Amino acid sequence: MSDSFDKISQQLKSRHRKSARLKYISMGALALAAAFLLVFFADMLNKGLPAFQQALVNVEVNYTEEASTNGRAAIDSEIMSVVSRSVVRVIPLDMRNDPDLEGTTENRWVLASGEVDQYLKGNRVRLDDEQKAAIDQLVEEGQVAMRFNTTFFSRGDSKMPELAGIMSAVVGTVMTMIVTLAIAFPIGVMTAVYLEEFAPDNRLTQLIEININNLAAIPSILF
Amino acid sequence: MQTNQLFLIFCSVLLLLGLAAFYVGRSKATRVRASGTSMYAQPDQYAWFTVVATALPAVLVSALGAFIMLVMGSEIPTFSLLLVSLVVAVVGLGVGMMLIRANFHARKAIERVIVWTLGGAATISILTTLGILLSIIGEALNFFQMHSFWDFITGTEWSPGNSFLASAGRGDGDGAQFGSVPLFAGTFMITAIAMCVAVPVGLLSAIYMGEYAPAKVRGVAKPMLEILAGIPTVVYGFFAAITVAPFIVRVAETVGLDASFNNALSPGIVMGIMIIPFISSLSDDVINAVPDSMRQGSLALGMTKGETIRDVVIPAALPGIISASLLGMSRALGETMIVVMAAGMRPNLSANPLEEMTTVTVRIVAAMTGDLEFDSAETLSAFALGLVLFAVTLSLNLVSVIMIRRFRDKYRVNNL
Amino acid sequence: MNSQAPVMTEQNTPNVGQPYTRNEQAHHDPIFRIRDLCLWYGKTQALNNLNIDLFQKNVTALIGPSGCGKSTFLRCLNRMNDLIPSVRTEGLVEMDGHDVNAAKMDEVALRRRVGMVFQKPNPFPKSIFENVAYAPRMHDMVGRKAEQEELVEKALRDAGLWDEVKDKLQEPGTSLSGGQQQRLCIARAIAVEPDVILMDEPTSALDPISTATIEDLMDRLKEKFTIVTVTHNMQQAARVADYTAFFHLGEIIEYNDTKVMFSTPAKKKTEDYISGRYG
């Protein structure tokens, strides 16, 4: 009546191959999506991780009277080229907060300048070879080192790149989110309860449902 | 007195009134009950009813007053408004007390209030859409008074020219062209590239997860795709501008082609990656919705699994898949952040994805965040662009919702 | 039902797989030989040592109360149970001399020779023409358009559907009524020219007129195909089947000539079922 199993299996060979191809292509698509994700995260980590470290310089700080207005005066001018300009304000601020500091001297770690920081992270800088050699020397002596970047998390925007942080942005984001949640959550839940439990199946309800779908799809720029 | 102090006093008085209403209402209800008559609800529920009767009118009146002040611009002194609301509250209290009788369905009354509140929340979505529409249409109409609508839709040159000079009081803004075709061409080009990435990868991933993958793989793959959807678009834009664009430029160079750093390919590809989860999860849903009896019927005829998927399952799920793609497309059309960071600023009507070109959304951002006077044609053009964009995404969404609904109906009707 | 019918004694049991009584009008070349078939859904045993020979060009009915393994057994014959991951089988199912569960047996090839019609009609989301022509085209049975049209017409005629649909072959298969859809499914199963057609309660979802039409169909189809049908409807079995097997709790209690089974069943359990003492 019909063909034997052997004959049928013969014809099936190419069909089975094509069928397997679909399976492997679809598996490949999923793998491709996974690869995108991996590449993305690897790239982000690669570019972002160096920011968690910051170059610091160990200097001798003289809390003189002059230093209470111009922080630069507290530090030896030779090493000043390596130190961040932020000390101009940071040291007077410290002295205001703790008046006992005046007249004392101490060794402390201060922010290195942005150029030093970038040089030590391997990026392009506007330093000549002599300056680079000097920095290398300081690193070897242990006077310049990389530490965990707390400035990033504690300070807000700044003109000086080594002093910039995300704190102000984080605060802004959190406050926006609180307002957003306070509005979206109650209204959203109430709408859902209404649509599921109470709403009659009429035109108005359909209109509301279409509307909600549209709201989600409106380009954010229009909002 | 300052408004916030007034408001605080208003709230505390209202709170006290509400508290009073609760206890007074409950005591009256208990009294009525104790006198022997049976009531339709518990004393507590009567108490809550009284509270609602007190507070709700007050809130409504003050909200109405505030709304009128906002929309009409009329000045109602805050003090009198809040005083009136409090008076209304006291009246409400009295009315509520009177209504506490034996045959009063307090529960039903409260429930009706709740339903109306929930319904009100639901209509907020309509109000929001209306609000967006109104704010865009108003300014867009202003624009169309300055420049013809037809030229806007069909013109191929977008050079606002010296309209900024006109707004500064110099020159007369002549020669400014607002033909939006290059902008929409840029948008569509980038969207098309995104679709070319997202639809195959998304659909095939959905097929694999729905038909072939063992449960464990599916349990890992689905969340992974959700992660792709959760990455902020600003970070995607960063990725597109800093990593993908230079990579494309380098690849193009090795092949001998010339690519701009703001090429259209880079935001297109990254946008496609962002849309993959949309398409794959929606397709996954529709593929699962195809009844198993259809698959079994095909297999029982001696079809292989791949043939069954290709010739039976996918055609059955096709309306849903198309609808998912349309939704993904409308997402791509309206995407702002990725293109702002990675695409160019120059309107460019070109078929070459390696050139730099700008899109509608980038232009809107530039116009709204620029230094131009608000009334100038260039700024208002943003509204016109926004209106057209809104219309396009709205129609795409409508079409896709209708398709999905018809798809669902088709499979419910086939039951005998 | 004759309650004084003689009950078979141990010495009078037939050989393995053979019916108690032969139906002289029926054929007797076995196409399926089942020996000691057992099946488990996870830990629950659903089929317990089944032994039966199914003969060619007959209509064989499987009857019994709900949940007794009739459909499960039917699905063993074309390996549709493979689609359920928790299923495990032991024993021999032989079709045309080949072990159906052997590693070298391609289940896709098996299903080409053993077709199936389901309880609820499940036409494809294609036109009527395509529903019938799809599988034969994929199996390389027909090539050009003219050949396909010929094959579709023949299948639809054999299924008794041609006159009703010949003018609307391009309409979707789902636009037909329930009975018509089921005949379409039968037409599409016939078009592949299988050896055996398995029918899992094909008329239980249909109205009486469609049921009668399909029962006539079964009678005509058995000239070309072997038909094995599961049915809850004993009268249907009595009307159409040459041989009937009575299932109870995963075992075949009796396999007999239909007329004999319904008049003088060999086993008491069969008699109890037929006379309605339990359902």
Side-chain angles (χ1 to χ4, degrees), chain A residues 2 8 12 15-34 36-44 46-48 183 186-199 204-223, chain B residues 115 117-126 128-129 132 136 200-205 207-209 211-213 221 224-225 227-228 231 235-236 238-239 242-243 273 276 280 302 304-307 309-310 327 330-331 333-337 361 364-365 368 386 389-390 393-394 396-398 401:
Chain A
S2 73
I8 299 175
L12 277 174
R15 284 170 59 194
H16 274 303
R17 240 182 309 133
K18 283 196 215 147
S19 189
R21 244 203 333 232
L22 178 64
K23 176 171 180 185
Y24 292 123
I25 291 179
S26 58
M27 208 193 305
L30 192 61
L32 190 63
F36 281 145
L37 195 62
L38 269 166
V39 165
F40 176 80
F41 273 118
D43 186 59
M44 285 294 121
N46 186 29
K47 296 215 157 67
I183 296 181
I187 295 183
V189 173
M190 288 205 285
T191 307
V193 170
Y194 176 75
L195 284 177
E196 273 306 303
E197 302 284 339
F198 292 110
L204 182 65
T205 314
Q206 281 181 6
L207 189 68
I208 296 181
E209 283 185 12
I210 294 183
N211 237 301
I212 294 180
N213 275 325
N214 282 333
L215 267 186
I218 290 179
S220 46
I221 184 90
L222 292 175
F223 271 107
Chain B
V115 171
T117 314
L118 295 180
T123 49
I124 287 185
S125 72
I126 299 187
T128 317
T129 313
I132 294 181
I136 295 182
V201 178
L203 181 58
L204 286 170
S205 304
I207 291 177
Y208 182 72
M209 283 196 295
E211 301 282 334
Y212 292 109
M224 176 199 77
L225 287 176
I227 294 180
L228 271 179
I231 297 176
V235 181
Y236 268 125
F238 192 74
F239 180 61
I242 304 275
T243 308
I273 299 178
I276 289 175
S280 92
T304 62
K305 182 158 183 168
E307 286 159 356
I309 295 177
R310 187 192 62 192
L327 278 174
S330 87
R331 182 94 176 71
L333 285 174
E335 179 51 47
T336 311
M337 219 48 226
T361 41
I364 296 179
V365 169
M368 301 306 304
L389 194 66
F390 183 68
T393 41
L394 201 73
L396 274 178
N397 280 5
L398 271 172
V401 164

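Predicted model only: the values in this text are computed from it and were never measured. So that the names make sense, note that chain A is the first sequence line, chain B the second, and so on, each numbered from 1.
For A/Lys23 (side chain) and B/Lys305 (main-chain N/O), no donor-acceptor pair under 3.5 Å exists by modelled atom type. Remark: the backbone N or O of A/His16 is not paired with any side-chain donor or acceptor of B/Thr304 at under 3.5 angstrom.
Between B/Thr361 and B/Leu389 the shortest side-chain heavy-atom distance falls below 4.5 Å. For the pair B/Leu394/B/Asn397, no side-chain contact is recorded, criterion being any heavy-atom separation below 4.5 Å from C-beta on.
Comparing B/Gly334, B/Gly306, B/Ala122 by how many heavy-atom pairs each has under 4.5 Å with chain A, the most go to B/Ala122. When the candidates B/Gly120, B/Gly202, B/Ala221, B/Ser205 are compared by the number of heavy-atom contacts under 4.5 Å with chain A, B/Ser205 comes out ahead. By number of non-hydrogen pairs under 4.5 angstrom with chain A, the leading residue of B/Ile136, B/Val235, B/Leu398 is B/Val235. Each of B/Ile207, B/Ile276, B/Leu225, B/Ile231 has some count of heavy-atom pairs under 4.5 Å with chain A, and the biggest count is that of B/Ile231. Contact count against chain B (heavy-atom pairs under 4.5 Å) is highest for A/Arg15 among A/Arg15, A/Lys18, A/Met190. Note: B/Gly119 leads B/Gly119, B/Pro200, B/Gly386 in heavy-atom pairs under 4.5 Å with chain A.
With a 4.5 angstrom heavy-atom cutoff, A/Ala34 touches chain B via backbone and side-chain atoms both. Looking at A/Phe41, only its side chain comes within 4.5 Å of chain B, counting heavy atoms on both sides. Using a 4.5 Å cut-off between heavy atoms, B/Leu203 does not touch chain A at all. Using a 4.5 Å cut-off between heavy atoms, B/Met337 makes no contact with chain A at all. In this structure, no portion of B/Leu396 lies under 4.5 Å from any heavy atom of chain A. No part of B/Leu333 comes within reach of chain A, as not one of its non-hydrogen atoms sits under 4.5 angstrom from that chain. With a 4.5 Å cut-off on non-hydrogen atoms, A/Phe36 touches chain B through its side chain but not through its backbone. Both the backbone and the side chain of B/Ile126 come within less than 4.5 Å of a heavy atom of chain A. For chain A, the nearby part of B/Thr393 is the side chain; its heavy atoms alone come within less than 4.5 Å.
The two residues B/Ile309 and B/Tyr212 have their closest heavy-atom pair at CD1-OH, 3.6 Å.
Within 6.0 Å of CZ on B/Phe238 lie no more than 12 heavy atoms contributed by other residues, nucleotides or ligands.
To the nearest 0.5 Å, atoms CE (A/Met27) and CG (A/Leu22) are separated by 10.5 Å. Expressed to the nearest 0.5 Å, how far CD1 of B/Ile273 lies from CG of A/Leu32 amounts to 8.0 Å.
The side chain to side chain contact (heavy atoms under 4.5 Å, CB included) search around A/Ile183 returns A/Val179, A/Ile187, not counting sequence neighbours. Applying the side chain to side chain contact (heavy atoms under 4.5 Å, CB included) test to B/Thr243 and every residue at least two apart in sequence or in another chain returns A/Asp43, A/Lys47, B/Phe239.
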